[in-house]
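Okay, so here's the structure we're looking at.
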Amino acid sequence: MATPESIASQDIELTAPKIKVRLLRNNNGAFKDDGGRMVRFGLGNTSKRVSDEIKSSDFIGITPVVITPDMVGKTVGVFTAVEAKPAGFKVKAQYAPKSREQAQENFCQFVRDNGGFAGFATSGADLKHLINHFMNWLKS
């Protein structure tokens, strides 16, 4: 049975190519191997302490952006991170300290602070809105 977040993820994955966004699934987690060693996977998941502070998004990719003639006419790839959330999820200015959502927002803010596109999406429509928001920001 599909979960609300998996439904959002599927819609985001189907929408991304239509708007020329290249996204890759980024699973994150940890498990103990047969020898009892902790094995971590996912972008930036280097320790529990780090993971509690910053969690990389469900989708990581590139949004191609054509630089306008006043910017030499080149196309550059802008790092893009999208955190899939179930329908009804509301973006907040601040989440509970140490919450999963706050760690995810910290990653999105890290990406945005460095010129990338990042945010939460509950659907393909949210993904389109997110990309349009940042494209308009680039043009301003």
Side-chain angles (χ1 to χ4, degrees):
M1 180 176 208
T3 65
E5 188 167 319
S6 70
I7 292 168
S9 291
Q10 289 171 0
D11 194 31
I12 290 164
E13 286 181 287
L14 290 171
T15 301
K18 294 175 186 172
I19 59 173
K20 297 183 171 72
V21 175
R22 306 333 188 244
L23 294 177
L24 303 170
R25 181 76 180 148
N26 177 47
N27 293 316
N28 284 280
F31 65 92
K32 287 191 178 180
D33 69 9
D34 293 339
R37 292 175 297 216
M38 186 60 69
V39 177
R40 296 186 169 282
F41 57 92
L43 183 64
N45 188 6
T46 57
S47 71
K48 180 173 179 1
R49 182 187 61 76
V50 169
S51 184
D52 285 346
E53 291 295 320
I54 189 166
K55 289 189 185 309
S56 58
S57 298
D58 293 321
F59 296 99
I60 302 296
I62 300 288
T63 300
V65 175
V66 176
I67 302 302
T68 57
D70 60 317
M71 294 181 274
V72 193
K74 304 279 186 198
T75 298
V76 297
V78 177
F79 187 90
T80 303
V82 180
E83 181 60 42
K85 290 294 182 187
F89 177 82
K90 300 294 183 205
V91 174
K92 297 179 182 178
Q94 185 70 36
Y95 299 96
K98 302 289 183 185
S99 68
R100 179 175 198 80
E101 289 78 12
Q102 186 57 55
Q104 292 165 336
E105 175 56 28
N106 291 345
F107 181 79
C108 289
Q109 192 62 53
F110 165 77
V111 172
R112 291 188 298 261
D113 286 348
N114 288 282
F117 300 168
F120 295 96
T122 64
S123 65
D126 281 355
L127 174 63
K128 287 179 185 177
H129 176 76
L130 181 78
I131 297 302
N132 286 336
H133 171 79
F134 286 108
M135 293 299 287
N136 288 334
W137 170 77
L138 278 175
K139 294 174 185 177
S140 65

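- In this structure a side-chain-to-backbone donor-acceptor pair under 3.5 Å is missing from Asn28 to Asn45.
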**Q.** Steps toward side-chain contact (heavy atoms from CB on, under 4.5 Å) verdict (Val111, Asp113)
**A.** CA-CA 6 Å; Val111 172; Asp113 286 348; over 6 Å; no

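- To the nearest 0.5 angstrom, Asn132 atom CG is 8.0 Å from Met135 atom CE.
- Between Phe107 and Ala81 the shortest heavy-atom distance is CE2-CB, 3.6 Å.
- Here the closest heavy-atom approach between residue Pro64 and residue Lys20 is recorded as CD-O, 2.8 Å.
- The hydrophobic clustering, which links ILVMFWY residues whose side-chain heavy atoms are closer than 4.5 Å, places Leu138 and Val76 together.
- By the 6.0 Å contact criterion, OH on Tyr95 is enclosed, its count of non-hydrogen atoms from other residues, nucleotides or ligands being greater than 12.
- Here the CG atom belonging to Asn136 is positioned 6.0 Å from the NZ atom belonging to Lys139, to the nearest 0.5 angstrom.
- Aromatic ring centres of Phe79 and Phe117: separated by at least 6.0 Å.
- Nearest heavy atom pair, residue Lys85 against residue Ala8, reads O-CB, 3.1 Å.
- No side-chain heavy atom of Ile60 sits under 4.5 Å from any side-chain heavy atom of Leu23.
- In this structure, Thr63 contributes its side chain and Thr80 its backbone to no donor-acceptor pair below 3.5 Å.
- Here Leu24 contributes atom CG and Glu13 contributes atom CD; the two are 10.0 Å apart, rounded to the nearest 0.5 Å.
- Ser99 OG to Lys55 NZ: the interatomic distance, rounded to the nearest 0.5 Å, is 10.0 Å.
- Residues Val78 and Val82 fall within the same hydrophobic cluster, defined by Ile, Leu, Val, Met, Phe, Trp and Tyr side chains chained together at heavy-atom separations under 4.5 Å.
- How far CZ of Arg40 is from OG of Ser51: 6.0 Å, rounded to the nearest 0.5 Å.
- Here the closest non-hydrogen pair linking Ile12 and Leu127 is O-CD2, 3.8 Å.
- Taking the six-membered ring where tryptophan is involved, the planes of Phe134 and Trp137 are perpendicular, since the angle between them exceeds 60° and thus also 30°.
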(Q) Quick one, Asp11 with Ser123, criterion side-chain contact (heavy atoms from CB on, under 4.5 Å). Give me CA distance, side-chain angles, the key distance, then yes/no. (A) CA-CA 5 Å; Asp11 194 31; Ser123 65; 3.4 Å; yes

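- With hydrophobic clusters built from ILVMFWY side chains whose heavy atoms lie under 4.5 angstrom apart, Leu130 shares a cluster with Val65.
- Under the side chain to side chain donor-acceptor pair (under 3.5 Å) criterion, Arg25 pairs with Asn27, sequence neighbours left out.
- Residues Glu101 and Glu83 have side chains not in contact (no heavy-atom distance under 4.5 Å, counting atoms from C-beta outward).
- Here the closest non-hydrogen pair linking Ser56 and Asn26 is OG-ND2, 2.8 Å.
- No hydrogens or angles considered: a donor-acceptor pair under 3.5 Å links the side chains of Thr3 and Ser6.
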Q: Would you please test Gln94 and Gln102 for side-chain hydrogen bond (donor to acceptor under 3.5 Å, both in side chains) and show each step?
A: CA-CA 7 Å; Gln94 185 70 36; Gln102 186 57 55; 3.0 Å; yes

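- No hydrogens or angles considered: nothing links the side chains of Asp58 and Ser9 as a donor-acceptor pair under 3.5 Å.
- For the pair Arg112 and Glu105, the salt-bridge criterion is met [side-chain N within less than 4.0 Å of a carboxylate O].
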Q) Between Phe120 and Ser57, does a side-chain contact (heavy atoms from CB on, under 4.5 Å) hold up when you go through it step by step? A) CA-CA 9 Å; Phe120 295 96; Ser57 298; over 6 Å; no

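- Nearest heavy-atom pair, Phe59 versus Ala84, reported as atom, atom and distance to 0.1 Å: CE1-CB, 4.1 Å.
- The salt bridge (charged side-chain N to carboxylate O under 4.0 Å, His left out) search around Lys128 returns none, not counting sequence neighbours.
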